[in-house]
Amino acid sequence: MSDPDPDRPAPALLLVEDDRELSGMLVELLTDEGYRVDRARDGQQGLHLGLTRRYDVIVLDRGLPAIDGVELLRRLRGRGVATAALLLTARGAVADRVEGLDAGAEDYLVKPFDLEELLARLRALRRRHPEHAHRVAIGSRWLDLDARQVCDPDGRVVTLSERECALLRTLATRSRQVFNRDDLRSLVFDAAESPGVVDTYVHYLRRKLGRDVIRTIHGRGYQIGSA
Ligand code: CA
């Protein structure tokens with residue numbers, strides 16, 4: 001058991017695991033260790049919680065009903081959720097580990113694993129990713145996800161709408177990726193939205209933050225700019 005620090009809120013952990021016995025045991029262990037744990041039993045529930053609540057760390061099983069762990073992580077990362085994630089996998093094959101890491105996992109453990117090792121890995125993850133989920137860098141500026149504001153080193157602040165923030169967060173979280181319009185529409189907005197919705201919000205963001213904040217890659221789509 002760790003000593004709770006009265007000045008710091010308990011770290012919030014999302015556990016996505018469909019094995020009832022294992023997940024019950026992990027909830028008990030992690031709660032004892034001082035985490036505030038939300039449990040999801042399938043990928044759909046995990047996606048909903050991951051998108052609507054703020055966590056300090058996510059532990060997810062690879063093999064899940066509804067949406068598997070790798071796809072779940074890919075969707076969370078696509079929507080700009082940058083929370084450090086540890087993937088539990090029954091398979092230790094190199095290809096499976098690479099797939100998990102490519103989808104955006106920071107670490108993984110192969111089942112069956114030692115509980116003490118899980119706790120140590122989670123401590124290490126949280127040390128490497130302090131406040132990781134709350135801020136995204138955009139060149140010399142940063143997006144504060146709590147306040148929905150873009151701040152620059154001189155103290156200037158621009159407030160964004162919810163949809164502007166979601167689009168900018170998605171682009172900025174994967175700064176090397178070029179997103180096509182259809183991908184952005186389904187990741188950030190809704191596939192049922194009009195095809196022009198992405199261009200409209202790119203226009204809004206450029207008007208607020210300067211033309212260079214988002215690059216147009218001709219014939220391919222959009223990428224976060226370096227300015
Ligand atoms: Ca499973």
Side-chain angles (χ1 to χ4, degrees), residues 1-2 9-130 132-134 145 166 169-170 173-174 177 183 186-188 190-191:
M1 268 207 231
S2 60
L13 183 147
L14 173 61
L15 174 67
V16 193
E17 169 61 76
D18 60 315
D19 180 327
R20 279 173 178 274
E21 199 179 326
L22 177 60
S23 106
M25 188 174 70
L26 289 178
V27 168
E28 202 171 308
L29 173 84
L30 292 164
T31 305
D32 265 3
E33 193 67 14
Y35 289 92
R36 188 174 59 67
V37 183
D38 280 349
R39 167 165 40 173
R41 296 196 192 284
D42 63 41
Q44 192 65 50
Q45 202 185 5
L47 182 66
H48 175 72
L49 287 172
L51 291 176
T52 53
R53 298 192 191 169
R54 166 77 40 72
Y55 295 100
D56 296 290
V57 64
I58 298 173
V59 175
L60 72 170
D61 186 25
R62 189 183 192 289
L64 289 168
I67 302 172
D68 81 47
V70 168
E71 176 61 18
L72 167 59
L73 198 52
R74 202 186 66 77
R75 291 198 200 178
L76 288 173
R77 295 298 187 238
R79 295 282 287 267
V81 175
T83 310
L86 184 147
L87 191 69
L88 303 176
T89 170
R91 293 176 269 186
V94 172
D96 289 317
R97 299 197 302 256
V98 168
E99 194 187 11
L101 296 172
D102 272 350
E106 276 70 26
D107 202 359
Y108 63 88
L109 266 180
V110 177
K111 290 179 177 178
F113 52 84
D114 184 86
L115 294 177
E116 283 304 320
E117 182 173 8
L118 173 65
L119 294 177
R121 298 261 193 131
L122 289 176
R123 285 193 294 270
L125 260 190
R126 292 183 46 231
R127 274 198 303 275
R128 289 207 304 272
H129 299 272
H132 185 252
H134 307 236
L145 296 171
R169 177 169 80 163
T170 297
T173 305
R174 296 219 168 161
Q177 186 170 334
D183 286 347
S186 59
L187 281 170
V188 179
D190 190 311

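All residue numbers refer to positions in the sequence shown, counting from 1. Atoms within a ligand are numbered from 1 in the order they appear, just like the ligands themselves.
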Exactly one of D61, L73, L72 clears side chain to side chain contact (heavy atoms under 4.5 Å, CB included) with V16, and that residue is L72
From R62, does some N, O or S atom reach closer than 3.0 Å to the Ca ion (ligand 1)?
no
In D18, the N/O/S atom nearest the Ca ion (ligand 1) carries the name OD1
Audit row: L14, D38, side chain to side chain contact (heavy atoms under 4.5 Å, CB included) steps and yes/no
CA-CA 5 Å; L14 173 61; D38 280 349; 4.2 Å; yes
field: CA sep, side-chain torsions, deciding dist, call: Y55, L49, side chain to side chain contact (heavy atoms under 4.5 Å, CB included)
entry: CA-CA 9 Å; Y55 295 100; L49 287 172; 3.8 Å; yes
### Message
With a 4.0 Å cut-off on N to O distance, would you call R39 and E28 a salt bridge?
### Response
no
* Tell me, please, if D61 has any N/O/S atom, main chain or side chain, under 3.0 Å from the Ca ion (ligand 1)? => yes
